[in-house]
Trainee: 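The following block contains the structure, expressed as structure tokens.
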Amino acid sequence: MEAFADWLFVLLWALGVLLTFLPFVPATLVVLLAALLHELLVGFRELSLGLWLGLLALGLFAMALDNLAALLGARRYGAGRAGLWGAFLGGLLGLFFGVLGVLLLPFLLAWLFEWLSGRRPEEALRAAWGTLVGLMGGMVGKALLHLAMGLLVLRAIF
């Protein structure tokens, strides 16, 4: 049963990492639930309380990273308050339109809000580009956190 539980974790963890790149999917929860399922199958004897606390901390950070990275990217490229709100609202609305919506709507609304606030189109475009860079950076960062979470569990179980 242990070998089955170990390899089931590996499979579900890999799935969680891949799901990181899809909208609507709580990939962090998939990774955490994979570890929980593993422990259920082996009688809660391989992962320590400290490791669980570490996994939960990394999981919370991964969940916050998407929004934080988009906001920081927008700010770094000169977005004002209007652009940040546009990126935030675009991120929320984009969830309803799949991958393209998640990528395009924060960009478009950041540009639109910046332009409507009186910025020149070139300045608004730079701020919107920062939003897109932040989104991509957040996605990569989240995938790296999911990899780290899985590696911590693998180290404990193998």
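All heavy atoms count here, side chains included; hydrogens, waters and symmetry mates do not. Bear in mind that the values here come from a model prediction, so they are computed numbers and not experimental data.
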Trainee: Throw together a table of side-chain donor-acceptor distances under 3.5 angstrom for residues 44-56, partners on residues two or more places apart or in other chains.
Mentor:
| from | atom 1 | to | atom 2 | distance (Å) |
| --- | --- | --- | --- | --- |
| Arg45 | NH1 | Val42 | O | 2.6 |
| Arg45 | NH2 | Glu2 | OE2 | 2.4 |
| Glu46 | OE1 | His38 | NE2 | 3.3 |
| Ser48 | OG | Leu51 | N | 3.1 |

Trainee: Quick one: do Leu11 and Val31 end up in the same hydrophobic cluster if we chain Ile, Leu, Val, Met, Phe, Trp and Tyr together by side-chain heavy atoms under 4.5 Å apart?
Mentor: no
Trainee: How close do Ala69 and Gly138 get, heavy atom to heavy atom, and via which atoms?
Mentor: CB-CA, 3.4 Å
Trainee: Under 4.5 Å between side-chain heavy atoms, hopping through other hydrophobics if needed: is there a path connecting Leu40 to Val153?
Mentor: yes
Trainee: Evaluate Phe9 against Leu37 for side chain to side chain contact (heavy atoms under 4.5 Å, CB included), listing each step before the verdict.
Mentor: CA-CA 8 Å; Phe9 168 77; Leu37 179 59; over 6 Å; no
Trainee: Using the rule that two of Ile, Leu, Val, Met, Phe, Trp, Tyr join whenever any of their side-chain heavy atoms come within less than 4.5 Å, decide whether Leu144 and Val17 are in one cluster.
Mentor: yes
Trainee: Applying a strict under-4.5 Å side-chain criterion to I, L, V, M, F, W and Y, I'd like to know whether Leu108 and Val133 cluster together.
Mentor: yes
Trainee: How far does CG of Leu104 sit from CG of Leu132, to the nearest 0.5 angstrom?
Mentor: 8.0 Å
Trainee: Just to verify, what does Leu60 make a side-chain contact (heavy atoms from CB on, under 4.5 Å) with, not counting sequence neighbours?
Mentor: none
Trainee: Kindly state each residue pair satisfying salt bridge (charged side-chain N to carboxylate O under 4.0 Å, His left out) with at least one member in residues 134-157, sequence neighbours excluded.
Mentor: Asp66-Lys142
Trainee: Run the salt bridge (charged side-chain N to carboxylate O under 4.0 Å, His left out) test against Arg119 and tell me which residues pass, sequence neighbours left out.
Mentor: Glu114
Trainee: At their closest point, which heavy atom of Gly130 faces which heavy atom of Tyr77, and how far apart are they?
Mentor: CA-CD1, 3.3 Å
Trainee: Do Leu152 and Leu58 touch side chain to side chain, with heavy atoms closer than 4.5 Å?
Mentor: yes
Trainee: Can you see which heavy atom on Leu109 is nearest to which on Gly86, and at what distance?
Mentor: CB-O, 3.2 Å
Trainee: Does any pair with a residue in residues 135-158 pass ring pair (Phe, Tyr, Trp, His ring centres under 6.0 Å), and if so which ones, sequence neighbours excluded?
Mentor: Trp7-Phe158
Trainee: Just verifying a value: how many Å separate Asp6 CG and Met1 CE, rounded to the nearest 0.5 Å?
Mentor: 11.5 Å
Trainee: Would you give the length of the straight line joining atom OG1 of Thr20 to atom CG of Leu15, rounded to the nearest 0.5 angstrom?
Mentor: 9.5 Å
Trainee: Any chance you could lay out the side chain to side chain contact (heavy atoms under 4.5 Å, CB included) test for Phe113 and Leu84, step after step, and finish with the verdict?
Mentor: CA-CA 9 Å; Phe113 280 38; Leu84 294 175; over 6 Å; no
Trainee: Can you name the closest pair of heavy atoms from Gly91 and Pro106 and give their distance?
Mentor: N-CG, 3.5 Å
Trainee: The test is side chain to side chain contact (heavy atoms under 4.5 Å, CB included); show your working for Phe107 and Leu112 and say whether it passes.
Mentor: CA-CA 9 Å; Phe107 176 81; Leu112 179 65; over 6 Å; no
Trainee: Do Leu29 and Met63 have side chains that approach each other closer than 4.5 Å (heavy atoms only, starting at C-beta)?
Mentor: yes
Trainee: Can you name the closest pair of heavy atoms from Ser117 and Ala82 and give their distance?
Mentor: CB-CB, 3.8 Å
Trainee: Parallel, tilted or perpendicular for Trp115 and Trp111, by the 30°/60° rule?
Mentor: parallel
Trainee: Check the pair Leu32 / Met149 against side chain to side chain contact (heavy atoms under 4.5 Å, CB included), numbers first and verdict last.
Mentor: CA-CA 8 Å; Leu32 288 171; Met149 291 167 70; 3.5 Å; yes
Trainee: Under a 4.0 Å threshold between the charged nitrogen and the carboxylate oxygen, would Arg126 count as salt-bridged to Glu123?
Mentor: no
Trainee: Clusters formed by hydrophobic residues whose side-chain heavy atoms approach within less than 4.5 Å: which one holds Leu68, and what are its other members?
Mentor: Leu72
Trainee: In the structure I gave you, are the side-chain heavy atoms of Trp13 and Leu18 within less than 4.5 Å of one another anywhere?
Mentor: no
Trainee: If you group Ile, Leu, Val, Met, Phe, Trp and Tyr by side-chain heavy-atom gaps below 4.5 Å, do Leu33 and Leu19 land in one group?
Mentor: no
